[in-house]
*Asks:* 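Quick one: structure below, then a few questions.
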Amino acid sequence: MGADLEKVLIPADELQAKIASLAAQISTDYSGRNLLLVGVLKGAVMVMADLARALDIPVEMDWMAVSSYGSGTKSSGVVRTILDLKTDITDRHVLLVEDIVDSGLTLAWLISNLRSRNPASLEVCALLRKPEAARIDVYVKYVGFNIPNEFVIGYGLDYAEKYRNLPFVGTLAPHVYGGGREQHGNNRD
């Protein structure tokens with residue numbers, strides 16, 4: 001990555017330790033229940049894969065894709081469903097798996113959308129949360145890390161579809177996206 005990376009915020013070993021910790025808690029909480037993991041594409045791919053492998057309970061998986069961003073660092077303000085679930089979640093225990101929660105707007109929309117489908121339960125697991133960026137209070141039961149309001153990349157998080165494959169979470173150097181510190185934006189609402 002060279003000069004594109006400003007700094008490593010969360011090293012790979014810390015990410016894996018946190019995923020294991022979250023998985024242990026989720027396994028305990030959902031013991032004896034038929035759990036459906038719903039991953040939010042594309043960012044949650046790494047989190048979802050590692051979390052599912054770390055769980056000690058049987059799970060099913062499905063995916064949704066929504067977009068509130070183009071290729072920039074700021075939200076377009078409009079949420080679009082790009083890919084919907086194939087699974088009927090009526091009376092199912094659903095855990096929505098997110099890579100990052102910043103403003104909370106997209107997550108609030110997702111929760112409302114999924115609740116309208118009458119699941120038995122619906123909770124959220126997010127690897128990263130930016131409390132300083134919150135514009136709406138959304139309850140997230142399982143949180144990996146609270147991070148500063150900086151634009152982050154790696155472990156599924158991208159800038160213009162690049163850097164998702166990095167095994168750590170880092171901050172992107174401002175010269176890459178033409179901004180200074182004051183322009184660090186959210187990855188997704």
Side-chain angles (χ1 to χ4, degrees), residues 1 4-33 35-66 69 73 93-108 110-111 114 121-134 136-159 162-173 184-189:
M1 266 202 48
D4 289 359
L5 180 68
E6 188 171 59
K7 69 182 174 194
V8 173
L9 192 60
I10 307 169
D13 59 337
E14 288 182 33
L15 289 170
Q16 294 309 312
K18 184 58 76 173
I19 291 287
S21 173
L22 290 169
Q25 185 61 54
I26 292 164
S27 293
T28 298
D29 292 351
Y30 287 93
S31 179
R33 297 186 195 171
L35 180 60
L36 174 67
L37 300 178
V38 173
V40 182
L41 294 171
K42 297 177 186 174
V45 168
M46 307 300 187
V47 178
M48 180 93 145
D50 288 349
L51 180 67
R53 285 191 298 255
L55 290 169
D56 292 333
I57 57 173
V59 294
E60 295 176 41
M61 294 188 281
D62 202 346
W63 299 92
M64 289 185 80
V66 297
Y69 281 86
T73 61
H93 295 284
V94 176
L95 181 60
L96 182 62
V97 179
E98 274 277 26
D99 51 349
I100 190 166
V101 177
D102 9 61
S103 74
L105 295 171
T106 299
L107 180 57
L110 278 165
I111 290 169
L114 293 175
S121 68
L122 175 63
E123 296 293 348
V124 177
C125 176
L127 180 65
L128 306 173
R129 179 174 60 183
K130 295 179 181 178
E132 295 171 10
I136 185 170
D137 187 27
V138 179
Y139 177 68
V140 179
K141 184 169 184 174
Y142 307 99
V143 177
F145 299 92
N146 286 316
I147 62 170
N149 189 18
E150 296 181 296
F151 194 87
V152 291
I153 55 168
Y155 200 67
L157 298 156
D158 76 301
Y159 173 70
K162 295 178 187 167
Y163 313 109
R164 290 187 195 276
N165 60 314
L166 298 174
F168 55 81
V169 172
T171 57
L172 191 62
H184 277 232
N186 301 325
N187 287 74
R188 183 172 47 211
D189 284 329

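Throughout, residue positions are numbered sequentially from 1 according to the sequence presented.
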*Asks:* What's the verdict on side-chain contact (heavy atoms from CB on, under 4.5 Å) for M64 and L114, showing C-alpha distance, side-chain angles and the deciding distance?
*Replies:* CA-CA 11 Å; M64 289 185 80; L114 293 175; 3.9 Å; yes

*Asks:* I need the minimum non-hydrogen distance between I26 and I57, along with the two atoms involved.
*Replies:* O-CD1, 4.3 Å

*Asks:* What I want to check is whether the side chains of Y155 and D50 have a donor and an acceptor closer together than 3.5 Å.
*Replies:* yes

*Asks:* Looking at A17, is its backbone amide N or carbonyl O close enough to the side chain of S21 to form a donor-acceptor pair, meaning the two atoms are under 3.5 Å apart?
*Replies:* no

*Asks:* Say you draw a straight line from CD1 of I111 to OG1 of T106; how long is it, rounded to the nearest 0.5 Å?
*Replies:* 11.0 Å

*Asks:* Out of curiosity, F145 CZ to L127 CG, how far, rounded to the nearest 0.5 Å?
*Replies:* 6.5 Å

*Asks:* Considering non-hydrogen atoms only, spot the tightest contact between D56 and S27 and give its length.
*Replies:* N-OG, 2.9 Å

*Asks:* Nearest 0.5 Å, what's the CE-CD1 distance between M46 and I19?
*Replies:* 11.5 Å

*Asks:* Do V38 and L110 have side-chain heavy atoms sitting under 4.5 Å apart?
*Replies:* no

*Asks:* Could you pull out all donor-acceptor pairs under 3.5 Å where a side-chain atom in residues 136-143 meets a protein atom, sequence neighbours excluded?
*Replies:*
| from | atom 1 | to | atom 2 | distance (Å) |
| --- | --- | --- | --- | --- |
| Y142 | OH | D29 | OD2 | 2.6 |

*Asks:* Could you go through F151 and L157, starting from their C-alpha distance and side-chain angles, then the distance that decides it, and tell me whether this counts as side-chain contact (heavy atoms from CB on, under 4.5 Å)?
*Replies:* CA-CA 10 Å; F151 194 87; L157 298 156; over 6 Å; no

*Asks:* For S121 and R33, work out which heavy atoms get closest and say how close.
*Replies:* OG-NH1, 4.5 Å

*Asks:* Among D99, D158, L172, I100, which one satisfies side chain to side chain contact (heavy atoms under 4.5 Å, CB included) with V152?
*Replies:* I100

*Asks:* Hey, what do you get for NE2 (H93) to CG (L95), rounding to the nearest 0.5 Å?
*Replies:* 12.0 Å

*Asks:* Are V40 and L107 side-chain neighbours, meaning at least one heavy-atom pair lies under 4.5 Å?
*Replies:* no

*Asks:* Can you tell me how far apart CG (D13) and CZ (F168) are? Round to the nearest 0.5 Å.
*Replies:* 12.5 Å

*Asks:* Compare every heavy atom of N146 with every heavy atom of R129, then report the nearest pair and how far apart it is.
*Replies:* NE-OD1, 2.8 Å

*Asks:* Counting C-beta onward and ignoring hydrogens, is there a side-chain heavy-atom pair between I147 and I10 closer than 4.5 Å?
*Replies:* yes

*Asks:* What heavy-atom pair brings G170 and L5 nearest, and what distance separates the two atoms?
*Replies:* CA-CD1, 4.0 Å

*Asks:* If you compare all heavy atoms of Y30 against all heavy atoms of V94, which two are closest, and at what distance to 0.1 Å?
*Replies:* OH-O, 4.3 Å

